[in-house]
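Only one structure is covered here, and it is reproduced in the block below.
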Number of protein chains: 2
Amino acid sequence: MAKDNEIISLKNVIEDNLPSISIDIAIFGFHENHLRILLLKNKDKESWTLPGGFIGKEESLEEAANRLLFSRTGLNNIFLQQFHAFGDPERTRINKRAELLKEQYAKDQYAQEFIEWVLGRFITIGFYALVEFTEVEPKHDIFTIECRWHDVQDLPLLVSDHQSIIETALKTLRQQLNYQPIGLSLLPHEFTMPELQRLYETLLGKTLDRRNFQRKMLSYKILERLPTKRKGGAYKAPYLYRFDKESYEEALQNGLKDLW
Amino acid sequence: MAKDNEIISLKNVIEDNLPSISIDIAIFGFHENHLRILLLKNKDKESWTLPGGFIGKEESLEEAANRLLFSRTGLNNIFLQQFHAFGDPERTRINKRAELLKEQYAKDQYAQEFIEWVLGRFITIGFYALVEFTEVEPKHDIFTIECRWHDVQDLPLLVSDHQSIIETALKTLRQQLNYQPIGLSLLPHEFTMPELQRLYETLLGKTLDRRNFQRKMLSYKILERLPTKRKGGAYKAPYLYRFDKESYEEALQNGLKDLW
DNA sequence: CCAAAAGTGTTAAGTGTACACCCATGC
DNA sequence: GCATGGGTGTACACTTAACACTTTTGG
């Protein structure tokens with residue numbers, strides 16, 4: 001049975017949001033040389049869902065996306081960008097999440113209204129976000145039972161067209177590698193050159209020459225080499241770097257002369 | 001006063017389409033070394049509007065965009081691609097088109113319903129289309145009094161955020177020059193190298209070296225030189241070329257190694 | 001001292017840029 | 001023949017790609 005505040009929030013969903021339109025966000029993080037994506041586990045315990053939600057009647061798309069991103073990660077001021085609208089009429093024809101809710105809240109009038117609303121056709125605006133992996137505190141919502149990272153190479157069963165949304169997001173991410181501050185967004189403030197290289201290699205799906213990578217990266221003049229080195233690891237200690245945000249964004253205006 | 005079929009069509013607009021979402025299309029053509037865009041003149045005789053419309057309840061975004069494109073140009077199978085969703089809550093706060101209609105159809109119940117519907121907030125999915133200028137037969141709709149080409153360098157007053165939609169479309173067009181069959185879509189089947197160069201120069205907003213342009217273009221192996229030359233003009237007759245569609249699309253997979 | 005990783009240097013091959021030259025056409 | 005535009009060739013600068021060598025660290 002729904003708790004009071006859940007009932008109220010379900011009722012408000014219809015009143016406060018635009019109909020027929022939703023937002024889904026592919027939230028990417030980078031950890032241990034793997035690109036990860038934040039997913040929510042549905043109550044059916046089988047399928048997973050992209051974080052997402054609806055657009056307030058007085059909210060812009062970007063405001064809504066930032067609000068939704070914050071509610072899953074606890075983060076603000078994150079790189080977030082829309083990349084595609086998904087509007088196949090079949091995409092929300094079967095909505096398992098809502099069907100299950102319908103049974104669960106069978107005696108609840110507001111919930112039933114909500115379920116009818118949410119079972120209708122939706123067009124979703126896909127966003128992708130890039131976050132620093134370690135800063136995220138995943139939080140699931142009332143429709144789901146878990147929120148955690150998945151390797152993009154090893155995705156679980158996803159509802160509706162979310163698999164395809166993720167694939168499009170990844171494709172966009174790769175295409176924009178030289179036009180968006182992707183390194184700055186996915187890595188911690190301080191990182192080593194090999195770490196940056198692993199990120200590029202992961203995103204591009206191929207290995208790069210260590211020496212040429214370093215030279216090219218430095219030639220962009222967007223990195224600041226710090227006096228400290230990373231101690232503790234075996235072998236020679238690598239320098240630490242930090243992005244010079246200003247130079248980075250300036251350089252991205254024309255794109256980092258392509259590329260590998 | 002509205003004619004019968006207009007009343008019916010207004011009523012059907014609400015019943016047949018998704019609420020809160022629209023489509024606007026920036027239709028580009030290239031003629032006499034100028035990039036043009038197809039615009040509709042509103043009944044106020046002052047402002048212009050992008051071609052657009054709504055999405056049928058069983059239609060995909062692409063189907064809707066193609067239907068709308070056909071209704072303004074008479075063309076099918078045209079290069080058409082979504083590029084951005086515009087969702088500022090202010091963007092449709094003032095809708096002159098609907099306000100004028102409201103007066104005009106004051107005694108008409110269906111029209112009033114329609115006007116209320118259309119005055120609400122809309123999120124619009126922006127598409128851009130590339131057409132062969134000479135093949136288009138511009139047709140205006142019942143909300144407008146004229147449909148004609150405008151030079152993108154010399155745009156008239158536009159409603160709402162349509163100016164900004166056009167600017168975003170142009171920016172996207174330039175960015176995708178090496179990744180989409182833009183030449184093939186905007187030029188006639190047969191064209192000369194200088195004509196192709198003018199197109200690139202216009203899109204990029206800068207002049208290119210004639211000789212290097214030719215060499216680079218030919219190096220892509222996407223052009224077929226025809227035995228005939230363009231007669232009639234003054235001076236030396238240039239060769240005619242035609243895109244090899246298959247090679248072109250294959251080459252675009254990896255992008256035409258950049259670029260000018 | 002050795003292995004492994006990081007930093008720097010060198011060079012040949014390839015690409016881009018700027019320009020010189022020749023060809024075709026109309027007047 | 002000359003002005004104009006179209007087609008081809010070439011030299012040079014610069015970038016890229018491949019690889020050698022040196023330095024640092026833990027064991």
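A note on names: the letters A, B, ... follow the listed sequences, proteins ahead of strands, and every chain is numbered from 1.
- Residue B:Met217 contributes atom CE, which lies 16 Å from atom P of D:dT8 at whole-angstrom precision.
- For an aromatic pair to be called close, the ring centres must be under 6.0 Å apart, and A:Trp149 with A:His31 fails this.
- Aromatic ring pairs are classed by plane angle as parallel below 30°, tilted from 30° to 60° and perpendicular above 60°; the pair B:His150 and B:Trp48 is perpendicular.
- Contact check, A:Gln214 against C:dT8: a side-chain N or O comes under 4.0 Å of OP1 or OP2.
- The side chain to side chain donor-acceptor pair (under 3.5 Å) check on B:His84 picks up A:Gln82, with sequence neighbours excluded.
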Under-3.5 Å N/O pairs linking protein and nucleotides 23-27 of chain D:
residue, atom, partner, partner atom, Å
D:dT23, O2, A:Lys236, NZ, 3.2
D:dT24, O2, A:Lys236, N, 3.3
D:dT25, O4', A:Tyr235, O, 3.4

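- Formation of a donor-acceptor pair under 3.5 Å by the A:Arg242 side chain with backbone atoms of A:Leu226 is not found in this model.
- What separates CG of A:Leu218 from C1' of D:dT15 is a distance of 16 Å, to the nearest Å.
- Each of D:dG7, D:dT16, C:dG7 was ranked by its minimum atom distance to the side chain of A:Lys216; first place goes to D:dT16.
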Any N/O pairs under 3.5 Å between the protein and nucleotides 18-21 of chain C? List them or say none.
residue, atom, partner, partner atom, Å
C:dA18, N7, B:Asn212, ND2, 3.1
C:dA18, N6, B:Asn212, OD1, 3.3
C:dA18, N6, B:Arg215, NH2, 3.1
C:dC19, N4, B:Arg211, NE, 3.1
C:dA20, N7, B:Arg211, NH1, 3.2
C:dA20, N6, B:Arg211, NH1, 2.9

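- Computed from coordinates, the B:Glu195 CD to D:dG6 C1' distance equals 13 Å when rounded to whole Å.
- In this structure, B:Leu196 atom CG and D:dG5 atom C1' are separated by 17 Å, rounded to whole Å.
- The minimum heavy-atom distance between B:His140 and B:Leu40, with the atom names listed, is CA-CD2, 3.7 Å.
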Side-chain atoms of residues 182-192 of chain A: list all donor-acceptor pairs with protein atoms under 3.5 Å, sequence neighbours left out, distances to 0.1 Å.
residue, atom, partner, partner atom, Å
A:Ser185, OG, A:Pro181, O, 2.7
A:Thr192, OG1, A:Glu195, N, 3.2

Which pairs would a plain distance check flag for residues 64-72 of chain B, meaning a side-chain donor or acceptor within less than 3.5 Å of a matching protein atom at least two apart in sequence or in another chain?
residue, atom, partner, partner atom, Å
B:Asn66, ND2, B:Glu62, O, 3.0
B:Arg67, NE, B:Glu59, OE2, 2.6
B:Arg67, NH2, B:Phe54, O, 2.8
B:Arg67, NH2, B:Glu59, OE1, 2.9
B:Arg67, NH2, B:Glu59, OE2, 3.4
B:Ser71, OG, B:Leu68, O, 2.8
B:Arg72, NH1, B:Lys139, O, 2.9

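- Checking B:Tyr239 against B:Gln214 by side-chain atom types alone, no donor-acceptor pair falls below 3.5 Å.
- Comparing the end axes of the helix from C:dC1-D:dG27 to C:dC27-D:dG1, each fitted to five base pairs by superposing C1' atoms of four pairs onto the next four, gives an inter-axis angle of 10° (nearest 10 degrees).
- Side-chain contact check for B:Glu132 versus B:Thr134: some heavy-atom pair is nearer than 4.5 Å.
- As rounded to whole Å, 17 Å separates atom P of C:dA24 from atom CG of B:Leu240.
- Using a 4.5 Å heavy-atom cutoff, the side chains of B:Leu204 and B:Leu177 are in contact.
- Between the OH atom of B:Tyr239 and the P atom of C:dT25 there is a distance of 10 Å, rounded to whole Å.
- B:Thr124 contributes no side-chain N or O that, together with a main-chain N or O of B:Phe86, makes up a donor-acceptor pair within less than 3.5 Å.
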